[in-house]
Protein chains: 2
Amino acid sequence: MRQDRRLRRRNETVQEILDTAIEVMAEEGVAALSLAEVARRIGIRPPSLYQYFPSKIAIYDALFERGMRRSVEILAPYRATIADDPCGAIAAGQEATIAWMTANPVLAQLMYWRPAPGFEPSPQAFEPAVQQLEILREALQAAVDAGQLAPAAASEEGLALYTVLISGVISQQLSNEPSAPPGQGRFTRYARTALDMFFRYYAPEEGETDDPILRRSRAATPD
Amino acid sequence: MRQDRRLRRRNETVQEILDTAIEVMAEEGVAALSLAEVARRIGIRPPSLYQYFPSKIAIYDALFERGMRRSVEILAPYRATIADDPCGAIAAGQEATIAWMTANPVLAQLMYWRPAPGFEPSPQAFEPAVQQLEILREALQAAVDAGQLAPAAASEEGLALYTVLISGVISQQLSNEPSAPPGQGRFTRYARTALDMFFRYYAPEEGETDDPILRRSRAATPD
DNA sequence: GTCTATAGCTGGATAGAC
DNA sequence: GTCTATCCAGCTATAGAC
């Protein structure tokens, strides 16, 4: 249908704008995004951008949402394995998330700091972030239920600590060694260790069962 | 002496420029720092700024250095207590650092991310960062020597993990709840828990524990 | 949906007078 | 050390023609 084609075309342009905005921010800085430069690169005049986004802030918002959605999508395959092996799913999801974030430093910055004053994610853009936290909570709760972690792991504290670890690894890696290959960074290579630290902190009490940590850390820690 | 006064006056202007640059960055974003705006606010014309800094990058560099120096200064009082109580000194230093960083989000961003492409800290600006790491290493090593932590705590891994915790707490706090009062934030309130996690991960092995004699002799050793 | 034109600004940096 | 003048450019956003 004609309508569909038009919509598809429009959506392609929207995506092109967003892709190009990321490029420009990578070169100029997130706060120094220039719409005119974006327009130039995709071959339109600046006013035409306003057919797709009402303002610069709207572009930040769309990118924040895109980043969050993408990082939820990345978790999807691991989410399916939660029931089988909760701690394994968490570890795999963490690794994939960190790999994606270090490969997408602009979006990581937009998601993990406030680089553009005046921009605050809208509720709609924030929705996938909430969803992501829910997936994490689900995984931690499954680990608790399986007796692999103590109940506190799935509390607000546990969730907060987990996100602290993730954002800390990404932040340190990107600021100290921005161009390290994935998994080879001075900091990303300790991501697994950081997670073991988390797991060990929330190791179940004696009698609460099976200790996943020793098993896991011995199995997976590279040297 | 006349010379001194002139130097002092000059230095005052330098500090005023830096203070104002922080203000402007807080409003416009780190990457969107405008020198013209800085000049306007301190009541000079833009070209006059170039008597104090050769470029915008130089201002970023000076601010990075200032932030790093300041955060080393903050550690000084706790450094003196390392010999007495290494883990206590680490905890107190961590708390003070986090409080300062959350109160100085612009400098924190400059120190913990790369918000301004084209700016990379010069060796001189980076020097206090190295010093800060050395203080941390010293404290962790003291804790190891006192039998309070396992040797790995003072390794590259231990240092990396500690900085991951600090930057993670700050990053999460500033991006999710930028205006929380110190210590009351959803994330800063778990800073101490994060540190406990670290300490527990590096708990000394059985038999490696606390040797009171060794500990006392170290306490008596001048620094 | 894209354009031109325009408003009303802003920018970093240099040359050279005083 | 501060200025004017200047270079040469940049910007977001809107109005309205086609």
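Naming convention: chains lettered A, B, ... in sequence-line order (proteins, then strands); numbering from 1 in each chain.
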*Kindly write out the residues that satisfy side-chain contact (heavy atoms from CB on, under 4.5 Å) with E138(A), not counting sequence neighbours, or none if the list is empty.*
R79(A), I82(A)
*With sequence neighbours excluded, tell me which residues meet ring pair (Phe, Tyr, Trp, His ring centres under 6.0 Å) with F187(B).*
none
*With sequence neighbours excluded, tell me which residues meet side-chain contact (heavy atoms from CB on, under 4.5 Å) with S71(B).*
W100(B), M101(B), M111(B), Q132(B)
*Per-nucleotide protein contact string for nucleotides 8-13 of chain C (B base, S sugar-phosphate only, - none; heavy atom under 4.0 Å)*: ---SSB
_Charged N-O contact under 4.0 Å between D19(B) and R66(B)_ = yes
_Counting the atoms with a prime plus P, OP1 and OP2 as sugar-phosphate, which does F53(A) contact under 4.0 Å by heavy atoms, base, sugar-phosphate, or nothing?_
nothing
_Q51(B) CD to dA15(C) P, straight-line distance once rounded to whole Å_ = 13 Å
*Between dT2(D) atom P and L49(B) atom CG, what is the distance in whole Å?*
10 Å
_E23(A): side-chain contact (heavy atoms from CB on, under 4.5 Å) partners, not counting sequence neighbours_ = R41(A)
*Residues in side-chain contact (heavy atoms from CB on, under 4.5 Å) with P46(A), at least two apart?*
A36(A), A39(A)
*Mind running a 4.0 Å heavy-atom check of residues 19-29 of chain B against DNA chain D and sending the residues that fall below it, in number order?*
none
*asked:* Can you measure R45(A) atom CZ to dC11(D) atom C1' for me and round it to whole angstrom units?
replied: 16 Å
_Integer-rounded Å distance: dC3(D) C1' and I44(B) CD1_ = 11 Å
*Ignoring the backbone of R10(A), work out which of dT4(C), dT2(D), dG1(C) is nearest its side chain.*
dG1(C)
*Quick one: side-chain hydrogen bond (donor to acceptor under 3.5 Å, both in side chains) partners of E120(B), sequence neighbours excluded?*
none
*ring pair (Phe, Tyr, Trp, His ring centres under 6.0 Å): which pairs involve residues 27-60 of chain B, sequence neighbours left out?*
Y60(B)-F119(B)
